[in-house]
Protein chains: 2
Amino acid sequence: MALVSYVLNGKEKESRVGQEIAGKIKQIASELGYQPNHLAKSLRSGKTHTIGLIIADISNPFFANIARVVEDEAKRHGYTVIIGSSDENAEKSRDLLNVLINRQVDGFIIVSAEDSQEQVQYLKDKKIPFVLLDRYFPAIQTDFVSTNHYKAAYNAGVHLVKNGYKRIGMIAYDSQLFHMQERIRGYVEALTDNHIPFQEHWLKRVRISAIEQGVKAAIDEMMASEQPVDALIFATYSLAINGLKYINELRLNVPGDLAIVSFGQAEAFDLYYCPITYLKQPIGLLGQTAVELLVKKLKEPQAEPSQILMEAELIIRASSKTKSLVNN
Amino acid sequence: MALVSYVLNGKEKESRVGQEIAGKIKQIASELGYQPNHLAKSLRSGKTHTIGLIIADISNPFFANIARVVEDEAKRHGYTVIIGSSDENAEKSRDLLNVLINRQVDGFIIVSAEDSQEQVQYLKDKKIPFVLLDRYFPAIQTDFVSTNHYKAAYNAGVHLVKNGYKRIGMIAYDSQLFHMQERIRGYVEALTDNHIPFQEHWLKRVRISAIEQGVKAAIDEMMASEQPVDALIFATYSLAINGLKYINELRLNVPGDLAIVSFGQAEAFDLYYCPITYLKQPIGLLGQTAVELLVKKLKEPQAEPSQILMEAELIIRASSKTKSLVNN
DNA sequence: CCCAATTGCTTAAACGATTAAGCCGAACGT
DNA sequence: ACGTTCGGCTTAATCGTTTAAGCAATTGGG
């Protein structure tokens, strides 16, 4: 049995296996279609060559595509991926983490859910390799790959200002997650940097658990004031979908009554009667880089954490066109 | 060590373990936070409690949602899911199958790609448990859960006829897969059963590898004839997305110039300026049932295959409203 | 009082792969 | 000729768990 192992792992030289028997072993192995048993290998080596991918919401096309990229990239590196969706829920996230730790995944790629900071700290303390994707905690030193959410939102805000919009609102999640805070900060600073005093009532925070009603209420409030907003930034894809549906119901005209810019990307934005300007995150690069960082981390667990920010691209469409041109 | 195993597996009675030591073992186990090693368990038992899910295209929201349901349901049964996307490609599907077999998954749930019939036959010959989902091969006796694609398409066709449309086209994939044949058959029979002689040029088959150009060409041809179609059924979600984009470009009015019914479901259909009538497949039930069948199969490998067809629901929206009412 | 059954615990083999260590014979050097 | 080295192959321990089998000591019946 030992010889078989040596030969099939290409250690014939180091282990001084004879030419003759080496050949015979190879031949017989291929005749029998021998496949080594991953479990036994893993049990012995302590490496499963499996990555746990925990994402916040698989039904969101952004994350679904991230999952796809991560899976492909992991395969290129010889890893299998086990995907779990935490559904933006810290408890489910914890369960998933435990299941996957129990399954001895070699490491994690995580899109963190709300209130999951302690889980990240736990992984760090336990020295379980992981890379945060898209969302990270500035208070914890970790590897991460993320979009520069601040700058993306800032660019969106500036774009609307430059196109002549004066009262620019944002609907965001009522979330403590850093990426959401950054999006809000970018939006606010885009206004103030461009001589538009930010008004508190332009910013609405919607609870993720009551997104439909929340978005409706937010839009109602924004439009009901004496000076209704003339442009709106949706801080996430789901907010945009709900918001656009409601805007349709209200028979508001985009961009005539309300210009729109949204985070996220999806076919839905192309099909809207007025194609939606959106922030395109570099999905492929994000996913690939996350896998690369994790693989690196698995090779040298002691290395300094890599922290990578990438730029989102503002894809400009009709929903935010220059105000003076609207209704032409 | 043996005692530990007995106690922690609740076999204290059968294996006559003393009360005293049993209690001590439990206490110590919980103190140490003992977690059994899945790999060792699997190596010994030959069961990994892992299901391989191979889907045709993870970036399609229908399949993404299927994946989510399957994952949740599997977890309820104590199984972990490894997801792979074959991207509608038989070779990638074969690779995935091999990787997962090598990982000793207990069984598969498969949404088959084109030309993957032999792979299914292979699994059957090797007696590897599996359940086909959404797509199946009538020539091979297997477990499957699927929508009744024939009836769904038939209902869509009848609906359009009843609403006064006379020249009803379909854009389908150029695929030999049975579900696609069934959708086409349903569409054709809906017409002929309702005294509308089917015209060959109403049916266009688009190659999946060139979907964008294919759909454009198909629509061009359909609209260019002397008697252009007045209603169109998209046989899949992706066809619809591409088709609707092009219909927008052509500035065709839905349903005035062209009524639309599509398979699949997505936010995009709600956001379209004229909400799209679509066939809603019972995603939750399909996924749950697939897991249940597989779990059953894993328990009794010899049982007769279960073959389950479910009904799609036609969700009627403005895109197919009664022709006489259009433009009111 | 002795053999049998029962109870409570220990040993060890097995799953499949890896790998250090051991063993034997041939070649080689002095 | 004798010790050393090397090539070529075999043994066995290990990973963590399960489970059949074995072994004492205690209890029970006749």
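All chains are named by letter (A, B, ...) in the order of the sequence lines, taking the proteins before the strands, and each is independently numbered beginning at 1. This is a predicted model, so every value here is computed, not measured.
Rounded to whole Å, atom P of C:dA26 lies 17 Å from atom CZ of A:Arg16. Between B:Asn9 atom CG and D:dG16 atom P the separation is 17 Å, expressed in whole Å. Rounded to an integer number of Å, the gap from A:Ile21 CD1 to D:dG7 P is 17 Å. The separation between B:Gln104 atom CD and C:dG16 atom P is 9 Å, rounded to whole Å. One interatomic measurement links the two molecules: CG of B:Leu3 to P of D:dA20, which rounds to 15 Å at whole-angstrom precision. Taking atom CD of B:Glu20 as the reference point, atom C1' of C:dT7 lies 14 Å away to the nearest angstrom. Distance B:Leu43 CG to C:dC15 C1': 4 Å, rounded to the nearest Å. Straight-line distance from the NZ atom of A:Lys11 to the C1' atom of D:dG7: 19 Å, rounded to whole Å.
Proximity of A:Asn37 to the phosphate of C:dC15: no side-chain N or O atom is located under 4.0 Å from OP1 or OP2. Residue B:Lys41 places no side-chain N or O under 4.0 Å from the OP1 or OP2 atom of D:dG16. Dashed line: the shortest gap from a side-chain N or O of A:Tyr34 to OP1 or OP2 of C:dA17 is under 4.0 Å.
Residue-level contact check: B:Leu39 touches neither bases nor backbone, having no heavy atom under 4.0 Å from any strand. Within the 4.0 angstrom heavy-atom criterion, no nucleotide atom of any strand lies near B:Glu14.
Residues A:Gln104 and A:Ser42 have side chains that never bring a donor and an acceptor to within less than 3.5 angstrom of each other.
Of the candidate nucleotides C:dA17, C:dA14, C:dC9, C:dA17 has the atom nearest to the side chain of A:Arg44.
The pair B:Lys297-B:Asp106 does not count as a salt bridge, with every side-chain nitrogen at least 4.0 angstrom from each carboxylate oxygen.
Considering B:Arg135, B:Gln181, B:Gln281, B:Met180 in turn, B:Gln281 is the only one that fulfils the side chain to side chain contact (heavy atoms under 4.5 Å, CB included) rule with B:His149.
In terms of position on DNA chain C, the residue among A:Gln35 and B:Gly18 whose nearest nucleotide sits closer to the 5' end is B:Gly18. Each of B:Tyr6 and B:Ala40 was assigned the nucleotide of DNA chain C with the nearest heavy atom; the assignment lying further toward the 5' end belongs to B:Tyr6.
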What's the verdict on side chain to side chain contact (heavy atoms under 4.5 Å, CB included) for B:Asp72 and A:Lys92, showing C-alpha distance, side-chain angles and the deciding distance?
CA-CA 11 Å; B:Asp72 286 352; A:Lys92 209 167 162 196; 3.5 Å; yes
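Ring geometry for B:Tyr136 against B:Phe144 counts as parallel: the plane angle stays under 30°, on a 0 to 90° scale with 60° as the upper cut.
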